[in-house]
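Please read all numbers here as calculations on a predicted model, not as lab measurements. Note on naming: letters A, B, ... go to the chains in the order of the sequence lines (proteins, then strands), and numbering restarts at 1 for each one.
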Number of protein chains: 2
Amino acid sequence: MNRRSAEASKQKITESARQVFADQGYAQASMRTIAREAGISVGGLYLYFRNKEELYLTLMQEWMDNLNGTTREALRKIDDPRESLRAFITITIDFTRGHREMIILQGRELGFTFGIDLKKQFFRERRQIITGIIRRGIDAGIFRQCDADEAARIIFNVLRGFVISMVIDEEALFSAGGCVDLVLNGLLRRNEG
Amino acid sequence: MNRRSAEASKQKITESARQVFADQGYAQASMRTIAREAGISVGGLYLYFRNKEELYLTLMQEWMDNLNGTTREALRKIDDPRESLRAFITITIDFTRGHREMIILQGRELGFTFGIDLKKQFFRERRQIITGIIRRGIDAGIFRQCDADEAARIIFNVLRGFVISMVIDEEALFSAGGCVDLVLNGLLRRNEG
DNA sequence: GCTTCAGCTGAACGCCTGTTCATGTGAAAG
DNA sequence: CTTTCACATGAACAGGCGTTCAGCTGAAGC
């Protein structure tokens with residue numbers, strides 16, 4: 001019987017949990033399923049995580065850190081608010097496409113209140129980044145005068161909708177480019193020249 | 001012991017179920033909770049609905065019919081694509097604000113595949129309405145050339161995000177007016193004149 | 001009174017869940 | 001060989017769920 005290191009086991013558990021939570025949601029995902037996927041006993045899960053909730057919160061924190069880190073890194077090098085916005089939207093959508101598990105953050109786990117404050121803080125930070133970009137654009141005379149906070153919320157919700165669509169409604173998906181285009185240019189025709 | 005009519009009992013059950021499903025999601029909502037809210041025995045639920053799934057699907061169908069009916073009724077009287085889009089967005093957001101239970105349609109009930117085709121068909125119809133409005137705008141020279149289908153999807157996803165935000169993130173909500181403004185005008189400054 | 005009808009009840013059933021903990025096992029050290 | 005360490009097991013526990021169905025009850029009809 002070959003034993004893995006504790007670290008390797010913990011890793012395997014989080015990988016499996018990520019997948020199972022993403023596929024089935026918190027309520028439906030059972031510790032037995034996660035254990036089976038991880039190739040470890042159900043009692044073994046509790047050697048690494050206090051309970052199901054803690055396992056879930058650990059994954060949430062992980063994804064929030066990943067996405068925010070990637071976003072900040074990319075935005076650091078961009079000055080033009082148009083490009084900043086493009087980068088923000090593109091990174092978010094690409095990240096989401098490659099990580100279906102992102103649904104963990106947008107999941108509507110009603111009946112479960114834990115982690116909601118953590119999520120809200122994360123969402124707030126995301127919106128503030130967008131607000132900052134929009135304000136920069138307004139100050140630079142590139143974007144028109146508007147309620148930057150609200151515009152940020154609208155953009156934020158497009159991306160929230162994208163995450164949901166990824167999971168339940170793939171026909172509703174759209175491209176980052178198309179989204180940036182609509183957000184920047186709107187639908188109304190512009191005077192040429 | 002005063003007995004209600006069957007109709008009244010069924011009504012009470014659906015009202016209670018609507019609330020409980022909306023608050024707790026499908027998985028967490030228990031038939032015992034719904035029964036208690038309805039003031040009827042748990043076994044009594046099964047006199048009217050075959051099972052939990054059928055109860056849920058009944059409610060889904062109801063909301064889809066309501067929203068689509070209201071939308072079509074309003075759009076019938078509008079010619080200007082700008083006003084059509086405004087109406088669509090406004091109705092959806094207002095309806096959502098007044099019916100938190102709308103989350104039933106956007107809920108991510110992973111692990112439960114029933115009703116998904118019904119939902120997709122509903123979503124498809126919604127998007128087609130938007131696409132139609134956008135095409136009309138383009139044909140009339142009011143909207144710029146763009147991929148109408150994709151633009152519709154983007155707008156659809158803003159509204160999808162709104163529903164989710166209603167339930168898990170009220171800070172992220174936005175006004176119908178603000179949304180229409182952004183969708184029509186975009187962020188970029190326009191030449192004055 | 002008895003019978004029928006309409007609406008209802010809630011304990012029981014079978015199944016599943018999160019969690020615990022007595023116990024197990026291979027490897028290394030002495 | 002024995003002891004210790006590190007990692008692990010899975011049956012049992014307590015609780016909850018969706019569903020069933022034997023039985024109940026008030027009202028109306030005869």
Could you tabulate the donor-acceptor pairs under 3.5 Å formed by side-chain atoms of residues 87-94 of chain B, not counting sequence neighbours?
| unit_1 | atom_1 | unit_2 | atom_2 | d |
| --- | --- | --- | --- | --- |
| B:Thr90 | OG1 | B:Arg86 | O | 2.6 |
| B:Thr92 | OG1 | B:Phe88 | O | 2.7 |
| B:Thr92 | OG1 | B:Arg126 | NH2 | 2.9 |

* Asked: Within the pair B:Ser9 and C:dC8, is there a side-chain N or O less than 4.0 Å away from OP1 or OP2?
  -> yes
* Starting from C1' on C:dG7, measure out to CD on B:Gln11 and report it in whole angstrom. => 17 Å
* Gap between atoms CG and C1', on B:Leu47 and D:dC21 respectively (whole Å) -> 11 Å
Restricting to nitrogen or oxygen on both sides, can you table the protein-nucleotides 16-19 of chain D pairs closer than 3.5 Å?
| unit_1 | atom_1 | unit_2 | atom_2 | d |
| --- | --- | --- | --- | --- |
| D:dG18 | OP1 | B:Ala29 | O | 3.3 |
| D:dG18 | OP1 | B:Lys52 | NZ | 2.7 |
| D:dG18 | OP2 | B:Met31 | N | 2.9 |
| D:dG18 | N7 | B:Arg32 | NH1 | 2.7 |
| D:dG18 | O6 | B:Arg32 | NH2 | 2.9 |
| D:dT19 | OP2 | B:Tyr46 | OH | 2.9 |
| D:dT19 | OP2 | B:Lys52 | N | 2.9 |

* To do: Could you pull out all residues at least two apart from B:Glu73 that satisfy side chain to side chain contact (heavy atoms under 4.5 Å, CB included)?
  => B:Arg76, B:Lys77
* Structure fact -> ring pair (Phe, Tyr, Trp, His ring centres under 6.0 Å) pairs touching residues 60-80 of chain B, sequence neighbours excluded, are B:Trp63-B:Phe95, B:Trp63-B:His99
* Asked: Can you say whether the rings of B:Tyr56 and B:Phe21 are parallel (under 30°), tilted (30 to 60°) or perpendicular (over 60°)?
  -> perpendicular
* Residue pairs involving residues 24-33 of chain B (criterion salt bridge (charged side-chain N to carboxylate O under 4.0 Å, His left out); sequence neighbours excluded) -> none
* Just grab all the ring pair (Phe, Tyr, Trp, His ring centres under 6.0 Å) pairs involving residues 116-135 of chain B, residues at least two apart or on different chains. => B:Phe123-B:Phe156
* In whole angstrom, give the distance that lies between atom CD1 of A:Ile40 and atom C1' of D:dA6. => 12 Å
* Asked: In whole Å, what is the span from the CD1 atom of A:Ile13 to the P atom of C:dT19?
  -> 14 Å
* Who passes side chain to side chain contact (heavy atoms under 4.5 Å, CB included) against B:Glu15, sequence neighbours left out? -> B:Gln11, B:Lys12, B:Arg18
* To do: Write down the distance between CG (A:Leu55) and P (C:dT17), rounded to a whole number of angstrom.
  => 16 Å
* Would you indicate what B:Leu45 reaches in the nucleic acid, counting non-hydrogen atoms under 4.0 angstrom: base, sugar-phosphate, or nothing? => nothing
* **End axis versus end axis in the helix from C:dG1-D:dC30 to C:dG30-D:dC1, the angle rounded to 10°, five pairs used at each terminus** => 30°
* side-chain hydrogen bond (donor to acceptor under 3.5 Å, both in side chains): pairs with one or both residues in residues 129-142 of chain B, sequence neighbours excluded -> B:Ser84-B:Arg136, B:Thr131-B:Asp149, B:Arg135-B:Asp149
